[in-house]
Amino acid sequence: MKDQKRKGKSSENTAFKVALGGICSAVCLLSMFCSGFLPMLSYTIPTFAGFLMVVMIVEADKNWAIATYVAVSLLCIFVTPNYEATLLFILFMGYYPILKFYLDKKKNKVLVWICKFGIFNAAVVIFYLAFQYIFTSVDMMEGMEMFGKYAVLVLWGAANIFFLIYDFALTQLIDIYINWFRKKILRRK
């Protein structure tokens with residue numbers, strides 16, 4: 001009798017995780033598709049889609065979050081007309097919330113920040129090189145002419161400052177989701 005109850009709960013739990021993964025994937029893909037006709041949100045939409053991976057971690061676990069990230073990343077390549085947003089989601093915004101969720105639990109904060117900045121800067125370099133050599137129709141340095149030969153350094157420095165702001169904002173959103181939304185709205189412990 002107890003084995004049947006455990007199997008029943010296990011299958012209900014798996015069904016919930018599959019359904020949640022499908023919903024998160026659909027919302028991610030819809031928002032990423034919208035980046036095609038809302039190009040001014042090319043950086044905001046992948047950020048929002050990446051936050052949905054936090055929902056998957058909290059409600060399911062890291063394996064389900066990673067599976068959702070991989071599925072959305074693969075489907076974005078075929079569905080999203082905005083390659084800039086797609087590449088941003090794949091290279092950083094999609095998996096960083098998953099990584100952050102676990103990095104922030106580590107005790108050595110200096111090493112954590114070194115890892116975070118290392119991963120972010122590697123993603124920025126790959127993103128820049130992809131648009132420099134593969135997607136040559138987009139000029140990443142447009143509007144940066146006033147900085148002359150230092151334009152790349154200024155852009156890189158600004159990106160790192162925005163990364164700090166993004167990391168702080170993501171921390172706050174995770175806290176709001178876990179400690180307020182999940183308890184007050186979803187009524188889950």
### Query
Given side chains that start at C-beta, do those of D61 and K17 come closer than 4.5 Å, heavy atoms only?
yes

### Query
At what distance, to the nearest 0.5 angstrom, does CE of M53 lie from CD1 of I98?
6.5 Å

#### Entry: Point-to-point distance, once rounded to the nearest 0.5 Å, from CD of Q172 to CG of D167
10.0 Å

### Query
Does atom NZ of K184 have more than 12 heavy-atom neighbours from other groups under 6.0 Å away?
no

### Message
With a sphere of 6.0 Å drawn around NZ of K106, does it hold more than 12 non-hydrogen atoms of other residues, nucleotides or ligands?
### Response
no

### Query
Rounded to the nearest 0.5 Å, how far apart are OH of Y95 and CD1 of I119?
6.0 Å

### Message
If you count every heavy atom of other residues, nucleotides or ligands that lies below 6.0 Å from W156 atom CH2, does the total exceed 12?
### Response
no

#### Entry: Side-chain (K62) to main-chain (M56) donor-acceptor, under 3.5 angstrom
no

#### Entry: Y166 and F163 aromatic ring geometry - parallel, tilted or perpendicular at 30°/60° bounds
tilted

#### Entry: Backbone of I77 reached by a side-chain donor or acceptor of T80 within 3.5 Å
no

### Task
Using the six-membered ring wherever Trp is involved, compare the ring planes of F33 and F37 and label them parallel, tilted or perpendicular (cut-offs 30° and 60°).
perpendicular

### Message
Could you measure the distance from the OH atom of Y96 to the CG atom of L170? Nearest 0.5 Å is fine.
### Response
7.0 Å

### Query
Is F117 atom CZ crowded by more than 12 heavy atoms from other residues, nucleotides or ligands, each under 6.0 Å away?
yes

#### Entry: Note, D104 side chain near T171 side chain (heavy atom, < 4.5 Å)
yes

### Ring geometry between F89 and Y69 (parallel below 30°, tilted from 30 to 60°, perpendicular above 60°)
tilted

### Message
For a 4.5 angstrom cut-off between non-hydrogen side-chain atoms, does L88 reach S42?
### Response
no

### OG1 on T47 to CG on L173, rounded to 0.5 Å
10.5 Å

